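We number each residue from 1, following the sequence as shown. Values in this document were obtained by computation on a predicted structure and should not be read as measured data.
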Amino acid sequence: WRPGFYPDGLQPTEFLGFYAARFDTVELNSTGYRLPSADQFRRWADAVPDGFEFSVKLALTRLDRVTTFLERAQALGDRLGPVRIVYEGPRDDGVLSFVEGSVPDGTRLAWDFRHETWDGVAGVVRVGDRDAEPFRYLRLREPPYRDDELEAIAATLRSPTYVYVRHEDEPTAPAIAERLLALL
């Protein structure tokens, strides 16, 4: 995204701070592929201003990794936003119960179910559900978005809603996010 979003000359170590001065949340998709150390989570938290939140991705493939993941993510402190749990398997209420029972108090979960047998599950925040409570978690995955599309999205949003735009090689995601913010 340099140039285009990040100014020429800005060092990669300065990217997060630059980003956090313009937006109030970021989705850490990389945590779904490799679990960072608690120290790395703390460094991220220290690099952003008060009020900024990180949404972290947990790719749920093994239940024995849930506790370790959540313990490390807690190092973000008050900068921990929702935990997006990606689950590919068919509906298993035992998995849901285990994870829900494993999270520390105050941890917000957004379930990203990938199997159709989860359709209709109630009582959880589902990614993409604009009526979810107590918060909404939306991922805009088909950029670019026209202004009329963004206006329609903005008209349906209510607080708190976390919105993340698909990361492209070109700096379209921050431009879309800035346009959406301007419409709110």
Side-chain angles (χ1 to χ4, degrees), residues 16 23-45 52-145 149 152-153 156-169 172-173 176-177 180:
L16 179 56
F23 302 106
D24 56 8
T25 186
V26 70
E27 183 182 64
L28 294 176
N29 198 43
S30 63
T31 60
Y33 303 100
R34 185 188 63 78
L35 178 59
S37 68
D39 284 342
Q40 178 61 57
F41 280 116
R42 276 190 283 280
R43 284 192 299 273
W44 284 330
F52 189 89
E53 292 182 288
F54 294 89
S55 174
V56 295
K57 174 185 178 182
L58 167 58
L60 185 58
T61 56
R62 293 179 43 185
L63 292 178
D64 63 336
R65 295 185 178 169
V66 171
T67 302
T68 301
F69 181 94
L70 294 170
E71 286 173 353
R72 289 192 192 174
Q74 292 296 312
L76 288 168
D78 64 356
R79 284 153 174 82
L80 176 60
V83 176
R84 179 171 66 99
I85 301 176
V86 178
Y87 188 63
E88 304 278 348
R91 185 167 180 167
D92 181 339
D93 290 339
V95 168
L96 184 65
S97 179
F98 177 83
V99 173
E100 295 277 339
S102 298
V103 299
D105 288 342
T107 303
R108 294 162 288 171
L109 302 180
W111 288 90
D112 193 349
F113 297 118
R114 302 290 174 92
H115 197 276
E116 68 274 0
T117 55
W118 287 99
D119 291 348
V121 69
V124 298
V125 172
R126 292 185 64 152
V127 171
D129 181 355
R130 294 183 190 196
D131 296 319
E133 289 296 340
F135 67 94
R136 278 122 329 266
Y137 194 111
L138 305 178
R139 301 180 82 229
L140 304 181
R141 310 308 297 157
E142 300 297 329
Y145 291 93
E149 293 172 309
I153 291 168
T156 66
L157 298 181
R158 64 185 193 285
S159 187
T161 299
Y162 295 83
V163 180
Y164 302 102
V165 180
R166 181 178 175 168
H167 183 283
E168 303 281 325
D169 289 337
T172 56
I176 292 167
L180 185 59

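Between S102 and L70, the closest heavy-atom pair is O-CD1, 3.8 Å. Closest non-hydrogen pair, R166 versus A173, comes out as O-CB, 3.3 Å. Smallest separation of non-hydrogen atoms from A75 and A38: CB-O, 3.5 Å. In this structure, L96 and F113 approach most closely via the heavy-atom pair CD1-CZ, 4.2 Å. Residues R114 and E88 approach most closely at CB-OE1, 3.4 Å, considering heavy atoms. Considering all non-hydrogen atoms of both residues, K57 and Y33 come closest at NZ-OH, 3.1 Å.
For residues 65-82, the set of pairs meeting the salt bridge (charged side-chain N to carboxylate O under 4.0 Å, His left out) definition, not counting sequence neighbours, comprises D50-R79. Residue pairs that meet the salt bridge (charged side-chain N to carboxylate O under 4.0 Å, His left out) test with at least one member in residues 98-108, sequence neighbours left out, are E53-R108.
Under the side-chain contact (heavy atoms from CB on, under 4.5 Å) criterion, S97 pairs with no residue at all, not counting sequence neighbours. Residues satisfying the side-chain hydrogen bond (donor to acceptor under 3.5 Å, both in side chains) criterion with R34, sequence neighbours excluded, are absent altogether. For H167, the ring-ring contact (aromatic ring centres under 6.0 Å, His included) partners at least two apart in sequence or on another chain are W1. Scanning for side-chain hydrogen bond (donor to acceptor under 3.5 Å, both in side chains) contacts around Q74 gives T107, with sequence neighbours left out. With sequence neighbours excluded, no residue forms a side-chain hydrogen bond (donor to acceptor under 3.5 Å, both in side chains) with D24. For the side-chain contact (heavy atoms from CB on, under 4.5 Å) test, residues two or more places apart in sequence or in another chain that qualify with D64 are R62. Applying the side-chain contact (heavy atoms from CB on, under 4.5 Å) rule to F23 yields the partners F5, Y19, P174, A177, E178, L181; only residues at least two apart in sequence or on another chain are considered. For the side-chain contact (heavy atoms from CB on, under 4.5 Å) test, residues two or more places apart in sequence or in another chain that qualify with R91 are D93, T117, W118, V121. For Y145, the ring-ring contact (aromatic ring centres under 6.0 Å, His included) test picks out no residue, with sequence neighbours left out. Under the rule for a side-chain hydrogen bond (donor to acceptor under 3.5 Å, both in side chains), the partners of T161 that lie at least two apart in sequence or sit in another chain are R136.
In this structure, the side chains of L76 and V56 come closer than 4.5 Å at one or more pairs of heavy atoms. With a 4.5 Å cut-off on side-chain heavy atoms, P36 and W44 count as touching. Proximity of R130 to I153: side-chain heavy atoms (C-beta onward) are separated by under 4.5 Å at one or more points.
To the nearest 0.5 angstrom, F98 atom CZ is 5.0 Å from T67 atom OG1.
Here the side chain of S55 pairs a donor or acceptor atom with the backbone of P82 at under 3.5 angstrom. With hydrogens and angles ignored, the 3.5 Å screen pairs no side-chain donor or acceptor of R84 with any backbone N or O of N29.
Test V99, D129, V86 against W111 for side chain to side chain contact (heavy atoms under 4.5 Å, CB included) and you get one pass: V99.
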Just do the side chain to side chain contact (heavy atoms under 4.5 Å, CB included) check on R139 and E27 with the steps written out, would you?
CA-CA 10 Å; R139 301 180 82 229; E27 183 182 64; 3.0 Å; yes
Could you please spell out the steps behind the side chain to side chain contact (heavy atoms under 4.5 Å, CB included) verdict for Y162 and L138?
CA-CA 6 Å; Y162 295 83; L138 305 178; over 6 Å; no
Could you walk me through whether L109 and V103 pass side chain to side chain contact (heavy atoms under 4.5 Å, CB included), step by step?
CA-CA 9 Å; L109 302 180; V103 299; 3.7 Å; yes
Checking Y164 against L140 for the side chain to side chain contact (heavy atoms under 4.5 Å, CB included) test, could you report, in this order, the C-alpha distance in whole Å, the side-chain angles of both residues, the deciding distance, and whether it holds?
CA-CA 6 Å; Y164 302 102; L140 304 181; over 6 Å; no
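For E133, the CD atom is densely surrounded, since the number of other residues' heavy atoms within 6.0 Å is greater than 12.
T61 and Y87 share no donor-acceptor pair across their side chains, judged by distance under 3.5 Å alone.
Ring centers of F41 and F54: at least 6.0 Å apart, outside the cut-off.
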